[in-house]
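Below: one structure, written as structure tokens.
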Amino acid sequence: MAIDSKHKDLQSLRIDRSAAASGDGEPAPWAKRYILIGISLVVLLSVGALAYRLLAGDTPEVETVRAAAEGGGDETVGTVLSASGYIVAHHKINVNSKVTGRVAWIGVEKGDRVKEGQVLVRLENDEFRANVEQARGAAENARAYLQQLQNGSRPEEVQQAQHNLEEARATLVNDTATLKRTKELVTQGVLSQQALDDANAKFESSQQRVHSLEQGYRLAQLGPRAEELARAKGSVLQAEGQLAYAQSQLDATQIRAPVNGTILERTSEKGELVTAQFASSAEGGPRGSVVALADLNDLQVELDIAQDDFARLGPKQKAVVTVDAFPDRKYDGVIAEISPEANRSKATVQVKVQILNPDEYLRPEMNATAKFLANETKKEVSSKPSGALVPANAIRDHDGKKIVFLALNGKALVREVQVTSTRANGVLVQGLNGGEDVITTIPAGLKDGDKIKIKGQS
């Protein structure tokens, strides 16, 4: 019985061939065609992607630089030298304090435009005001004493001196009569010699008092001596000088803009101590300056000219200035300063070009390029470009000729050039018009017409 049950179970596991033959589970013919088409497309796409990867892996990647045109029919006709540098303020002023004090108020921020005389910073000034008041009191005291001497004695004082003198004179007359009578009585033996001595002493005392009062009366009429007046005047000048100094110290607590300009840097904050003496840069120490400003209408381009190119330049030579930030804007310039000393380590000479027409686009420390023009007497105007400026590493030697590789439409093209001059920022060549994409990283074995890929481009 157990064997029969197992046999029945095995029979139930067999595939029903009749059901498969009937075609109930088989896909329709049109579905088979679509499945085949889909599989074919997937295979084709996979093969294409693989081929693209293989081909792209063989395409060299290069870097390019745009060739800069030199000369032509614009303002750069007759350019003798092109150099790069930085824009600097002609005069940068670090505004310091004349007195030592703590900052109570700051009225400017970086970038603010200020006018000459405008208050930028105020310092705490209580002690300075007290010094002014003390000096003012001393000056008033000195003036009053001088005025007293200049006015002389008051009429009442002269009159009193006169009365004292008249009284002394009357006493002297009386003492004189007394002395005369005493002498007569002593001669007659009525009075003793002592009485005569007393009368004589009183007479001399009255006589001396009259002389003294006469001198005082005359001095009261004449007034003070010239020397005393001069001394009083000197005291007044001294006191007024002390007052002026104290007032200048008080005024210095208001730090003002020395010129019209723009705030470049704010170097102190409220509560910090600023000093008129040398100040270190240690954290928390006193500051030596409060703000830095410059007149942005007085800008120059600072350039380091290679000594090999220095002979091409001269005083007052004109230039056209451009900045990297705004390459479409051009500014007129003229050489304003040539350093009297060369830089031995860099083999350069510093030259400063004054920008004649600055505007609000220019900022100190911007990268700038100055193209120096030939003098009018030597300028040769031409309608054709005088060449293009390319990097030195883009030049290659080929069969005794100078060539460069250009990138155009995904291919490398060979162009023969003639080197006309070497500049501080590249090589000036003939054979290019400017604006071409010059390959600077040239792979080994690169030939004319080879496919290339520019680095950074997809």
Testing the basics here: between V438 and L432, what is the closest heavy-atom pair and its distance to 0.1 Å? CG2-CD1, 4.3 Å
State whether the side chain of R363 and the backbone N or O of E360 hold a donor-acceptor pair below 3.5 Å, judged by distance alone. yes
Less than 4.5 Å apart, side chain to side chain, heavy atoms only: is that true for K346 and D304? yes
Can you name the closest pair of heavy atoms from L146 and L229 and give their distance? CD1-O, 3.9 Å
Checking the side chain of E272 only, and the main-chain atoms of E269 only, is there a donor and an acceptor separated by less than 3.5 Å? yes
If I take atom CD from residue E127 and atom OG1 from residue T253, how far apart are they, to the nearest 0.5 angstrom? 9.0 Å
Between G314 and I338, which heavy-atom pair has the shortest distance, and what is it? C-CD1, 4.2 Å
Atom CZ of R231 with >12 non-hydrogen neighbours under 6.0 angstrom: no
Would you confirm whether N343, through its side chain, and S345, through its main-chain N or O, come within 3.5 Å as a donor-acceptor pair? yes
Sequence-distant partners of D397, salt bridge (charged side-chain N to carboxylate O under 4.0 Å, His left out), two or more places apart: K402
Can you tell me how far the CG atom of L149 sits from the NZ atom of K233, to the nearest 0.5 Å? 10.5 Å
Does the side chain of D251 come under 3.5 Å of the side chain of Q247 through a donor N or O and an acceptor N or O? yes
Answer yes or no: are there more than 12 heavy-atom neighbours, outside R415 itself, under 6.0 Å from its atom CZ? no
Closest approach of L389 to G426 (non-hydrogen atoms, all atoms of both residues): CD1-C, 3.9 Å
Look only at the side chain of S339 and the backbone of E341, and say whether a donor-acceptor pair between them is shorter than 3.5 Å. yes
N94-E265 side chain donor-acceptor pair, cut-off 3.5 Å: no
Taking atom CD as the centre, does Q134 end up with more than 12 heavy-atom neighbours from other residues, nucleotides or ligands that are less than 6.0 angstrom away? no
Should the heavy atoms of other residues, nucleotides or ligands under 6.0 Å from CG of D328 be counted, would the total exceed 12? yes
Is N393 close to I395 at the side-chain level, that is, under 4.5 Å between some pair of heavy atoms? no
Honestly, is R329 close enough over Y361, meaning NZ or CZ under 6.0 Å from the six-membered ring centre and within 45° of the axis? yes
S97 (side chain) donor-acceptor with V99 (main chain) under 3.5 angstrom: yes
Please report the closest heavy-atom contact between A142 and V236, naming both atoms and the distance. O-CG2, 3.2 Å
When the side chains of residues 100-118 are checked against the rest of the protein, which donor-acceptor pairs come out under 3.5 Å, sequence neighbours left out?
| residue | atom | partner | partner atom | Å |
| --- | --- | --- | --- | --- |
| T100 | OG1 | T275 | OG1 | 3.2 |
| R102 | NH1 | G271 | O | 2.9 |
| E109 | OE1 | R266 | NH1 | 3.4 |
| E109 | OE2 | R266 | NH1 | 2.9 |
| D112 | OD2 | E109 | N | 2.7 |
| Q118 | OE1 | K115 | N | 3.2 |

Measuring from E63:CD to I442:CD1, what's the distance to the nearest 0.5 Å? 11.5 Å
Using modelled atom types only, decide if a donor and an acceptor are shared between the side chain of N125 and the backbone of F128 within a distance under 3.5 Å. no
Side chain to side chain contact (heavy atoms under 4.5 Å, CB included) between V65 and D437, intermediate numbers included: CA-CA 6 Å; V65 171; D437 291 325; over 6 Å; no
Side-chain contact, heavy-atom cut-off 4.5 Å: T322 with Y331? no
When rounded to the nearest 0.5 angstrom, what distance separates CG in L303 from OG1 in T348? 10.5 Å
Output yes when E61 and K455 qualify as a salt bridge under the 4.0 Å nitrogen-oxygen rule, no when they do not. no
Do you know which of D448, V404, D450 makes side chain to side chain contact (heavy atoms under 4.5 Å, CB included) with L413? D448
Taken to the nearest 0.5 Å, the spacing of N131 CG from D126 CG works out to 11.0 Å
With a 4.5 Å limit on heavy-atom distance, are the side chains of L264 and K92 in contact? yes
Looking only at side chains, do Y145 and E228 share a donor and an acceptor under 3.5 Å apart? yes
Interatomic distance, I439 atom CD1 to R396 atom CZ [nearest 0.5 angstrom]: 10.0 Å
Can you tell which of L299, V301, L296 makes a side chain to side chain contact (heavy atoms under 4.5 Å, CB included) with L362? L299
Considering all heavy atoms, the nearest L293-A257 contact: CD2-CB, 4.4 Å
I'd like to know whether CD of Q238 has more than 12 heavy-atom contacts from other residues, nucleotides or ligands below 6.0 angstrom. no
